[in-house]
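Here is the structure we will look at.
One is the number of the first residue; the rest follow in order along the sequence.
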Amino acid sequence: MREMDLSWNILSGQIPSSFANLRNLNALGLSDNRLSGPIPEELGQVQTLQVLYLQKNRLNGAIPPSLGNLTMLTFLYLYRNQHTGQIPVELGTLSSLIEFDLSENHLTGTVPFCVAGNLTSLAYFSLWGNHITKSIPHEFGNLVNLEILDLSENFIVGPGPSSIGNMSSLRQIVIHTNNLSGEMPNELGNLAYLESLSSHENQLSGPIPQSFGKLASMTEMRLFTNQLSGPLPLTLSNLTNLVLVLLADNQLTGHLPELCQSKKLQDFQIFDNNLDGPVPKGLRDCSSLISLGIDKNQIEGDITKSFGVYPHLNDISLSSNKFVGRLSPKWGLCQNLTSVDFGHNMIEGSIPSDLGELKNLAILDMRFNRLTSEIPSEIGKLSSLYWMDLGSNRLSGEIPKQIGQLSNLEILDFSSNQLSGKIPEEIGNCLKLQSLHMNNNSLSESLPGSLGHLASLQSMLDLSMNSLSGPIPSELSKLEMLMFVNFSHNQFSGGIPISIASMQSITVFDVSYNFLEGSVPNGIHNASAEWFLHNKGLCGNLVGLSPCDLQLADHSRKHQKIILPVGLPMFVATISIVAGDEEAHDEEIFQHEIEMLTKVRQHSIVKLYGYCSHPRYRFLVCQFIERGNLASILSNEELASQFHWERRIALIRDVAQAITYLHHDVHPPIIHRDITSRNILLDADYKAFVSDFGIARMLKPDSSNWSALAGTYGYIAPECSYTSLVTEKCDVYSFGVVVLEVLMGKHPGDVQNFLSSLGDDQLHLEEILDKQLPKPEAEEAEDLRRCIFVAFECLIPSPKERPTMLKVYRDLSI
């Protein structure tokens with residue numbers, strides 16, 4: 001037998017040592033199975049082997065040195081296994097190797113110099129995703145036939161060796177996400193065939209070498225998130241084949257060189273540096289651009305003259321620079337724009353009505369400029385818009401009623417302008433609105449009752465510092481998720497509606513400096529007297545307010561003594577029983593948990609109604625969710641069959657939104673750390689609620705890790721097994737597991753091996769979807785493919801490559 005290919009057969013168990021008897025075997029393929037255990041030493045006896053494919057299994061243990069006997073090997077693939085230990089020096093004898101891939105294992109130590117220097121036939125060498133330390137050996141310079149070198153996502157230190165300039169065949173260098181330091185070697189400029197350089201997320205310092213101007217074949221340059229300094233070499237203008245340039249998050253200075261002279265540049269990101277000077281002509285006329293990010297620099301110039309028309313541009317960020325001038329109507333011709341960020345500049349004049357032609361625009365940020373005139377009514381044509389921030393400008397006139405046409409709007413900020421007139425009734429049509437800022441304007445008249453329609457309002461409703469008058473609408477009590485209300489410094493009159501006390505999510509309700517009178521309703525959550533000061537005649541039982549007369553107090557008690565609605569279903573969750581030298585410590589932890597939970601108010605997160613703390617026991621009084629947890633429903637054939645595709649898709653989106661809220665809308669953010677199917681509850685309508693924050697903790701702004709591993713086996717991100725670093729990306733990974741579980745109707749088991757078993761056709765629905773449900777309709781199938789794609793992104797082994805939950809939620813909501 002010359003060849004044996006048993007790949008893709010769901011084989012399990014260990015590789016038989018008896019393979020050593022196949023003395024004439026040239027090629028052995030066992031990839032994409034579920035094989036475990038070590039590679040048998042005896043395999044090194046099959047010295048006729050030229051091809052050995054063992055990738056995408058569960059093989060573990062050290063790589064046997066006996067493989068060094070296979071001197072005829074040309075292809076050796078061991079990637080995506082669980083190998084440990086160091087790379088055997090004996091592999092340095094495999095001088096015939098052309099492709100050698102050890103990536104996505106747990107290998108440690110360094111690359112032996114004999115391996116790095118002796119395998120001179122290598123064209124492809126990959127070690128990414130291991131635990132390799134030490135520096136890159138100087139002997140790498142001997143690999144003159146190497147075309148692709150991938151050492152990314154390790155712990156490699158030190159500078160890159162100057163000998164790398166001898167590797168004259170290199171087309172791709174991938175060494176990102178390491179601990180490389182020092183200056184980049186000038187010899188890199190000798191690599192005439194180099195097309196792609198990825199050295200981002202390291203600690204490289206010093207200037208970008210002038211010799212880079214000789215890299216005529218370069219198409220992609222990724223050097224972001226380093227400590228590079230000095231000016232960009234003017235010789236970069238020689239690189240006419242550049243398609244992607246990512247230099248963001250460094251300390252670069254000076255002017256931008258001429259780029260995009262051949263109209264090939266698509267992605268140019270240099271944000272968060274110290275660059276200055278004008279926008280070069282080549283960039284102004286770069287019609288090939290898809291993404292442009294030059295924000296957080298000192299770049300200057302007239303915005304009218306500095307930019308042209310970009311027919312392919314998706315997103316542009318010019319914020320935090322020194323641009324002046326007026327916005328050109330030509331921006332309306334950039335039809336593919338989805339994100340525009342011109343904030344924190346000195347842009348003047350009006351907002352062009354032509355922006356209303358940008359049908360795909362999702363983000364419009366022009367805060368902190370000098371914009372004047374009215375907000376154009378054409379803004380209502382931006383049907384895809386979900387974020388609009390025009391705050392801190394000089395806009396005047398009335399808010400256009402067409403604002404009500406923005407049905408996808410989630411964030412709206414018109415604060416600190418000179419807007420006048422009434423808040424339009426039509427704003428109540430923006431049903432997805434989560435945050436509304438109109439403070440510090442000259443708005444007048446009464447509030448529209450349609451504000452009560454904004455059931456998605458969560459983080460903020462700020463109308464302070466205006467001239468609003470009339471009563472506070474009782475309809476506001478319908479906003480059950482709203483946390484922060486500021487109506488201070490207005491001219492509101494009358495009494496505070498009693499129904500406000502039922503808003504259990506409220507953490508701030510500031511109505512100070514108005515003309516309100518009567519009693520402050522009892523039961524407003526964590527009420528502070530400061531919220532009600534400087535009014536006409538408010539009274540109440542808060543320290544700092546005048547007490548109401550007895551008659552008013554009796555009347556108030558009769559109508560407001562019940563804080564929770566009668567018949568409200570609740571669930572009592574016992575937290576802990578304490579005894580002895582541990583009570584004080586446990587009490588501190590418990591109070592910390594309560595403080596955290598009281599800040600969590602989102603429609604897909606279980607609500608906390610109260611708690612009890614006693615020396616012998618503690619418990620929380622939580623919202624009762626009828627159907628129980630997701631895991632039990634999926635395991636019940638009858639309930640699972642009623643849990644149809646539409647409900648499952650909705651659940652995935654709701655859970656994503658809940659976790660997004662924890663990560664991005666709570667300050668400081670919260671990492672749940674135990675996102676599982678047992679901690680997701682379903683009500684009678686199969687609506688999802690995230691629960692069990694018993695092991696969640698606040699993520700302090702100055703610290704991103706905990707020392708203790710937490711979570712549930714089968715949902716824990718892989719990095720948690722070898723590092724104490726716990727970030728939001730751990731929740732992202734767990735969410736990906738839950739998505740697969742919802743779609744499959746069962747837990748996928750070993751996640752990485754499951755993904756490997758799917759191979760390249762990972763979006764093939766029949767291989768994944770729960771067989772208990774009928775085949776999805778066409779529209780459902782598209783949503784399910786989107787869910788699967790998002791799940792796979794969440795399950796990327798590298799946490800840095802996983803998306804944020806904000807991106808996940810947006811991708812699911814397309």
Side-chain angles (χ1 to χ4, degrees), residues 343-344 351 364-375 379 385-401 403-404 406 409-428 430 432-454 456-473 475-476 479 481-493 496 500 503 505-516 524 528 530-535 601 665 667:
H344 293 269
I351 298 173
L364 177 61
D365 191 342
M366 295 189 176
R367 58 184 155 175
F368 288 95
N369 277 288
R370 300 173 181 176
L371 296 170
T372 55
S373 299
E374 298 182 350
I375 299 172
I379 213 87
L385 202 65
Y386 76 84
W387 185 310
M388 176 160 56
D389 193 341
L390 305 179
S392 299
N393 279 284
R394 300 171 185 175
L395 298 168
S396 59
E398 297 189 357
I399 298 171
K401 63 181 181 180
I403 201 81
L406 304 179
L409 198 62
E410 297 180 13
I411 308 293
L412 176 60
D413 194 334
F414 287 166
S415 64
S416 300
N417 279 286
Q418 300 167 16
L419 299 171
S420 58
K422 186 177 182 180
I423 296 176
E425 187 82 25
E426 289 79 3
I427 198 165
C430 301
K432 294 184 179 180
L433 205 59
Q434 298 180 19
S435 178
L436 176 60
H437 296 253
M438 292 186 176
N439 50 296
N440 200 17
N441 278 286
S442 299
L443 299 170
S444 58
E445 302 188 44
S446 60
L447 289 182
S450 62
L451 285 176
H453 299 163
L454 303 179
S456 295
L457 268 182
Q458 298 179 24
S459 57
M460 179 72 71
L461 174 57
D462 192 348
L463 304 177
S464 62
M465 303 292 290
N466 278 288
S467 298
L468 297 165
S469 58
I472 294 175
E475 290 89 344
L476 290 180
L479 308 181
M481 297 184 293
L482 187 57
M483 298 174 61
F484 190 105
V485 175
N486 192 349
F487 289 169
S488 67
H489 295 86
N490 277 287
Q491 301 171 20
F492 290 115
S493 58
I496 299 175
I500 296 298
M503 301 176 69
S505 59
I506 286 291
T507 57
V508 173
F509 186 76
D510 191 345
V511 292
S512 60
Y513 293 91
N514 279 285
F515 299 104
L516 298 167
I524 295 181
S528 168
E530 294 181 358
W531 301 349
F532 309 104
L533 297 178
H534 302 285
N535 273 284
R601 293 291 173 180
D665 294 327
H667 301 286

Quick one: do L412 and L406 satisfy side-chain contact (heavy atoms from CB on, under 4.5 Å)? Show the steps, please.
CA-CA 10 Å; L412 176 60; L406 304 179; over 6 Å; no

Any chance you could lay out the side-chain contact (heavy atoms from CB on, under 4.5 Å) test for L461 and L454, step after step, and finish with the verdict?
CA-CA 10 Å; L461 174 57; L454 303 179; over 6 Å; no

Does the side-chain contact (heavy atoms from CB on, under 4.5 Å) test come out yes or no for M366 and L371, once each step is laid out?
CA-CA 9 Å; M366 295 189 176; L371 296 170; 3.9 Å; yes

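Partners of N466 by side chain to side chain contact (heavy atoms under 4.5 Å, CB included), not counting sequence neighbours, listed by chain and number: N441, L443, L468, N490. Shown here are the ring-ring contact (aromatic ring centres under 6.0 Å, His included) partners of H453, two or more places apart in sequence or in another chain: there are none. Take F484 and apply the ring-ring contact (aromatic ring centres under 6.0 Å, His included) test, not counting sequence neighbours, and it matches no residue. For N535, the side chain to side chain contact (heavy atoms under 4.5 Å, CB included) partners are N514, L516, L538, not counting sequence neighbours. Scored by the side chain to side chain contact (heavy atoms under 4.5 Å, CB included) test, M503 finds S477, L479, L482, I500, I506 as partners (sequence neighbours excluded). For D413, there are no salt bridge (charged side-chain N to carboxylate O under 4.0 Å, His left out) partners, not counting sequence neighbours.
For the atom pair OG1 (T372) and CG (L395), the distance works out to 7.5 Å, reported to the nearest 0.5 Å. Considering CE of M481 and OG of S456, their distance stands at 5.0 Å, rounded to 0.5 Å. Taken from CD in E410 to SG in C430, the straight-line distance is 11.5 Å, to the nearest 0.5 Å. Rounded to the nearest 0.5 angstrom, S392 OG and N440 CG are separated by 8.0 Å. To the nearest 0.5 Å, atom CG of residue L419 and atom CE of residue M438 are 8.0 Å apart. Note: M388 CE to I411 CD1 = 11.5 Å, rounded to the nearest 0.5 Å.
Of the possible polar contacts, none joining the N439 side chain to the L463 backbone as a donor-acceptor pair under 3.5 Å is found. The backbone N or O of G391 lies less than 3.5 Å from no partner atom in the side chain of S415, so there is not a single donor-acceptor pair.
In this structure the side chain of L451 reaches within 4.5 angstrom of the side chain of I427, judged on heavy atoms. A heavy-atom distance below 4.5 Å is not found between the side chains of I403 and I375. F532 has its side chain within reach of V511: a pair of non-hydrogen atoms, C-beta onward, lies under 4.5 Å apart. Residues R367 and H344 meet the side-chain proximity criterion, which asks for heavy atoms closer than 4.5 Å.
Note: H534 and Y513 have parallel aromatic rings, judged against thresholds of 30 and 60 degrees for the angle between ring planes.
Nearest heavy-atom pair across W387 and L409 is N-CD1, 4.0 Å. Between F487 and F492, the closest heavy-atom pair is CB-CE1, 3.7 Å. Taking all atoms of both residues into account, the shortest heavy-atom contact from E425 to S450 is O-OG, 2.7 Å. Nearest heavy atoms, Q491 versus F515: CA-CD1, 3.6 Å. Here the shortest heavy-atom pairing between S446 and G470 reads CB-CA, 4.5 Å. Contact record, P448 with P473: O-CG, 4.4 Å, taken as the closest heavy-atom pair.
The environment of E530 atom CD is sparse: at most 12 non-hydrogen atoms of other residues, nucleotides or ligands sit within 6.0 angstrom. Counted within 6.0 Å of NZ on K422, heavy atoms from surrounding residues, nucleotides or ligands total more than 12; the atom is thus considered enclosed.
Checked options H437, M483, Q434; the residue passing with M460 is H437 (criterion: side chain to side chain contact (heavy atoms under 4.5 Å, CB included)).
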